[in-house]
Amino acid sequence: MNDALTFHFDVDGENFVSAGQASVQVKKNLRELGFPPEVIRRVSIAMYEGEINMVIHAGGGEADVDVFEDRIVIVLTDRGPGIPDIDLAMQEGYSTATDRVRSLGFGAGMGLPNMKRYTDEMRIDSTVGKGTVITMSILVNNR
Amino acid sequence: MTIAELRDLLDAEVLCGGELLDRDIHSACGSDMMSDVLAYVKDQAVLLTGLVNSQVIRTAEMMDMICVVFVRSKRPTFEMLTIAEDSGIAVLATKMRMYEACGTLYANGLGANHTP
Ligand SMILES: Nc1ncnc2c1ncn2[C@@H]1O[C@H](COP(=O)(O)OP(=O)(O)OP(=O)(O)O)[C@@H](O)[C@H]1O
Ligand SMILES: [Mg+2]
């Protein structure tokens, strides 16, 4: 089967309360489709981290999820400030989060490394002043 | 231990998810940093926290947790309880502080690791 089931979400950058809604919906959809719990968990955590990042660092964006039988591909696109040094941003503990974001329970600099850890493939395309596209794939029969 | 036993140990109030009280829990974690919960937690069923916002419930849901306990008498919003109900997460509130609540549960056999 080559046809993917696709889901599209607009992620509101003004609304911290609603952040994560897309990830919750994807989790529900994958459960209904009968994917193994471990796969669903990896997709959920990676997508949620990315979705929160779009809200706290980039003023929102879009999330597209393609569901194939053997893999799930998540594409997160934003028109935020971009990431000047991706290697640095990938380091555990590196964060530019404000005190306000920290008071909301985020900003430990763990999100991007965590996304990498839970996915089989992750690519970051980012242009300063233009935005960031993060593509993550999770293979279904891996692990 | 069950969520009901946890409730009794913490003298906690059940704010939603009363139907989950007989569910078994084997381990818990305590944190005000959702980043850390997402990065370090594995298979813990219960989250104790002093942080109050909707991302606490969403983080718990992403981690497949079934119970969130607010310490220091923190009260979640109605919206948070709605999200929790949708996600099948029991929400409790206790007067205890984080250290005391975690210590009480730990001393009564609820570990940090998944040990059924
Ligand atoms: N979509 C994005 N747009 C712009 N910058 C980003 C984006 N995502 C991440 N960054 C940058 O990379 C840094 C590291 O991101 P990461 O998710 O690892 O940590 P964090 O979001 O700061 O904290 P945590 O994820 O632990 O809550 C961020 O602090 C920010 O500077
Ligand atoms: Mg992050």
Side-chain angles (χ1 to χ4, degrees), chain A residues 11-12 15-28 30-31 35-57 74 90-97 99-118, chain B residues 16-17 23-27 29-66 68-72 74-89 91 98 114 116:
Chain A
V11 177
D12 183 356
N15 192 346
F16 180 76
V17 171
S18 68
Q21 264 174 358
S23 305
V24 169
Q25 191 55 50
V26 166
K27 181 164 195 170
K28 284 193 177 129
L30 293 180
R31 254 198 220 126
F35 281 93
E38 193 51 34
V39 169
I40 299 178
R41 190 180 162 109
R42 290 169 55 208
V43 170
S44 305
I45 296 173
M47 179 167 170
Y48 181 64
E49 293 272 23
E51 196 182 346
I52 294 285
N53 275 356
M54 286 203 294
V55 174
I56 64 180
H57 303 300
I74 306 161
M90 284 302 299
Q91 282 179 20
E92 287 193 5
Y94 177 82
S95 175
T96 59
D99 284 347
R100 196 187 83 87
V101 165
R102 268 179 243 276
S103 75
L104 294 169
F106 292 90
M110 294 304 299
L112 288 175
N114 211 24
M115 287 153 74
K116 171 114 188 134
R117 180 154 66 104
Y118 280 111
Chain B
C16 82
R23 290 279 295 273
D24 256 314
I25 47 182
H26 298 294
S27 60
C29 70
S31 181
D32 289 351
M33 235 5 216
M34 294 308 107
S35 301
D36 287 343
V37 174
L38 289 160
Y40 297 113
V41 169
K42 184 140 178 59
D43 288 334
Q44 277 84 340
V46 184
L47 170 63
L48 294 100
T49 187
L51 180 75
V52 183
N53 66 52
S54 56
Q55 299 314 331
V56 172
I57 308 292
R58 292 224 174 84
T59 297
E61 151 132 53
M62 291 304 138
M63 303 305 288
D64 298 317
M65 293 171 154
I66 58 166
V68 172
V69 182
F70 290 102
V71 298
R72 281 179 275 131
K74 302 267 173 159
R75 307 297 295 197
T77 61
F78 179 75
E79 186 172 11
M80 289 168 64
L81 292 177
T82 310
I83 301 174
E85 271 187 348
D86 267 6
S87 311
I89 294 172
V91 177
M98 180 74 102
H114 184 68

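Below, all heavy atoms of this structure are taken into account, side chains as well, without hydrogens, waters or symmetry copies. Below, chain A is the first sequence line, B the second, and so on; all start at residue 1.
Looking at A:Arg41, its side chain does come within 3.5 Å of a backbone N or O of B:Met63 through a donor-acceptor pair. Side-chain atoms of B:Gln55 come within 3.5 Å of backbone N or O of A:Phe16 as a donor-acceptor pair. A donor-acceptor distance shorter than 3.5 angstrom exists from the side chain of B:Arg58 to the backbone of A:Ala19, with no hydrogens or angles considered.
Both the backbone and the side chain of B:Leu38 come within contact range of chain A, with heavy atoms under 4.5 Å apart. Within the 4.5 angstrom heavy-atom criterion, only side-chain atoms of A:Ile52, from C-beta onward, approach chain B. With a threshold of 4.5 angstrom between heavy atoms, B:Ser54 approaches chain A through side-chain atoms but not through N, CA, C or O. Of the atoms belonging to A:Ser95, not a single heavy atom falls under 4.5 Å from chain B. For B:Ser31, no part lies near chain A; criterion is any non-hydrogen pair under 4.5 Å. Interface residue B:Asn53: only side-chain heavy atoms are found under 4.5 Å from chain A.
With values rounded to the nearest 0.5 angstrom, B:Met33 atom CE is found 10.0 Å from A:Leu104 atom CG. B:Asp32 contributes atom CG, which lies 14.5 Å from atom CZ of A:Arg102 (distance to the nearest 0.5 angstrom).
Counting heavy-atom pairs closer than 4.5 Å to chain B, the top residue among A:Gln21, A:Met47, A:Lys28, A:Glu92 is A:Gln21. Considering only heavy-atom pairs separated by less than 4.5 Å from chain A, the leading option among B:Thr59, B:Asp36, B:Val52 is B:Thr59. For the set B:Leu51, B:Asp86, B:Val56, the entry with the most heavy-atom pairs within less than 4.5 Å of chain A is B:Leu51.
Using a 4.5 Å heavy-atom threshold, the side chains of A:Tyr48 and B:Glu61 count as separate.
With a 6.0 Å radius and a threshold of 12 heavy atoms from other residues, nucleotides or ligands, B:Arg23 has its CZ atom at or below the threshold.
Here the closest heavy-atom approach between residue A:Ser44 and residue B:Met62 is recorded as CB-SD, 3.4 Å. Across B:Met34 and A:Phe106, no two heavy atoms sit closer than the pair CB-CZ, 3.6 Å. Taking every heavy atom of both residues into account, A:Gly107 and B:Ser35 meet most closely at N-OG, 3.2 Å.
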